[in-house]
Amino acid sequence: MSLAAAVLLRRVFGIALWVLMGSPALAAEPWRAVVRVASEEDAALLVRVRGQSSDLPVLLEAVPGPPLDGAAAEQWREAEQLAARQQARAVLWFLRVGPEVRVQVAEPASRHLFVRASRLDGRPGSLEWSVGAEALALAVRSALRAVEAGEPLGEVVEAPPPAPVAERVVEVPPAPAPVPTVSASRWMLAVGAHASLDGYTSGGHQGLLLGAGWEGRSLRLRLQVLAGLPARLRDARTQVTLGQYSAALWADVPVVSGEALELSAGLGAGVVGFSRATEALAPEVEAEPSRVIPALLVGPELAARWRAGSRLAFEVSLAAELLLGRPALGYAVDGNLVSRGDGWVARPRVGLAMVLFP
């Protein structure tokens, strides 16, 4: 090779090297742009954009997610957040409105937003659709080249004014309803009904309940009067009308005391009067005269009270009363007593009363 040819070859090689080193497309560092892919059509459009922008130093990264289809300010805010998360210079997203598809390219750093729309008919991949898709891809290429050159296309998005600081509204809960106050000591009156099983009849006896007393914080004293409805005991020989009336003094101690519910336990002692009237139904029977037979009453009691107000409450009580000296009913035959019922030694009693505090 002659010296002139060698010099010429060296000059050509130097020029080629200078061209290669000076080409912006080859020397520039690649940068990132993210594309929101919300549908199959978005994915197909991204393929077209990559094909048109393959010679640009840009990495198009697909980010699947919901479409950016809110208000304009919301779309821009989401694009800024997406660029910050992915460390991207530009954000692309597509939005179909009827037969048209709108592509938007945002550069958050300069607050530029480039928007183009094209009609895309048919399904992705069809001839009609491909014509509009290529037009959008060329528009995106122009926008990406402008971002690369530092002269982004589109309109400047004005920064929204700072949101006004809302006054903090503190919701004050309504004041709780006042709890009925209970004085340290008070008088009470009670009126209600009672029922007990006494063994004389299968249904027991029922009647009126009356009470009056004094209540303190740790002790309650009351006088209670029970008046039962007369029970008629009939067989082939006699008809006995048996009534029961009692008066007892009870002392209770509160066990549980809440805002509305109270539980108490106590003991009581008193006298029960059994009134007996006998009518003979057979000529061979001689009825004894009517009389009242006293008996001693003692036993425990449990009570639950619900306060409906400062002066009104409702009370349910359960007692087990022991009767000592109760009457035994029967016939005297040849000096022997033939029993027809002497009742139970212990009788359960339940009461329901309305309690008043005057």
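Cluster membership check: Leu68 shares its hydrophobic cluster with Val115, using side-chain heavy-atom separations under 4.5 Å among Ile, Leu, Val, Met, Phe, Trp and Tyr. Under a hydrophobic clustering in which Ile, Leu, Val, Met, Phe, Trp and Tyr are joined whenever their side-chain heavy atoms come within less than 4.5 Å, directly or via other members, Leu92 and Leu153 fall into the same cluster. Transitive grouping of hydrophobic side chains (ILVMFWY, heavy atoms separated by less than 4.5 Å) brings Ile293 and Leu329 into a common cluster. Hydrophobic clustering, with ILVMFWY side chains joined whenever heavy atoms are under 4.5 angstrom apart, keeps Val131 apart from Leu45. Under the 4.5 Å side-chain contact rule for hydrophobic residues, Leu233 and Leu197 do not share a cluster.
Between Trp93 and Gln75, the side chains place a donor N or O and an acceptor N or O closer than 3.5 Å (distance only, hydrogens not considered). Under 3.5 Å, the side chains of Arg234 and Gln239 contain a donor-acceptor pair of N or O atoms. Inspection of the Ser118 and Arg116 side chains reveals no N or O donor paired with an N or O acceptor under 3.5 Å. Checked by atom type, the side-chain pair Ser130/Arg48 shows a donor-acceptor distance below 3.5 Å.
The two residues Leu297 and Ala248 come nearest to each other via the heavy atoms CD2-CB, 4.2 Å. The two residues Pro152 and Ser110 come nearest to each other via the heavy atoms CG-OG, 3.3 Å. The heavy-atom pair separating Val37 from Ala62 by the smallest distance is CG2-CB, 3.8 Å. Nearest heavy-atom pair, Ser275 versus Tyr245, reported as atom, atom and distance to 0.1 Å: OG-CE1, 3.7 Å. When all heavy atoms are compared, the tightest approach of Ala139 to Phe114 is O-CE2, 3.6 Å.
Here CG of Leu210 is found 8.5 Å from CG of Leu226. Values are rounded to the nearest 0.5 Å. Atoms CD and CZ, from Glu151 and Arg145 in turn, are 11.5 Å apart once rounded to the nearest 0.5 Å. To the nearest 0.5 Å, the span separating CZ on Arg32 from CD on Glu61 amounts to 4.5 Å.
In this structure, Glu100 places its CD atom where more than 12 heavy-atom neighbours from other residues, nucleotides or ligands lie under 6.0 Å away. More than 12 heavy atoms of other shown residues, nucleotides or ligands fall within 6.0 angstrom of atom CZ in Arg276.
Looking at Arg307, its side chain does come within 3.5 Å of a backbone N or O of Gly258 through a donor-acceptor pair. Between the side chain of Arg102 and the backbone N or O of Val97, no donor-acceptor pair lies under 3.5 Å.
Residue pairs meeting the side-chain hydrogen bond (donor to acceptor under 3.5 Å, both in side chains) criterion with at least one member in residues 347-358, sequence neighbours excluded, are Gln244-Arg347, Glu301-Arg349, Glu321-Arg347, Glu321-Arg349.
Ionic pairing of Arg141 and Asp55 is present here: one or more N-O contacts between side-chain nitrogen and carboxylate oxygen are shorter than 4.0 angstrom. The residues Arg111 and Glu80 are annotated as salt-bridged, a charged nitrogen and a carboxylate oxygen being separated by less than 4.0 angstrom. Classification of Arg222 and Asp252 as a salt-bridged pair holds, one side-chain N sitting under 4.0 Å from a carboxylate O.
Evaluation of the ring-ring contact (aromatic ring centres under 6.0 Å, His included) rule for His205 yields His194 as partners, not counting sequence neighbours.
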*Residues Glu262, Arg220; criterion salt bridge (charged side-chain N to carboxylate O under 4.0 Å, His left out); working and verdict*: CA-CA 13 Å; Glu262 296 180 354; Arg220 299 173 180 173; 2.4 Å; yes
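Annotation: side chain of Glu128 is not in contact with side chain of Arg119 (no heavy-atom distance under 4.5 Å).
Stacking of Arg311 on the aromatic ring of Phe357 is not recorded, the 6.0 Å distance cut-off and the 45° axial limit not both being met.
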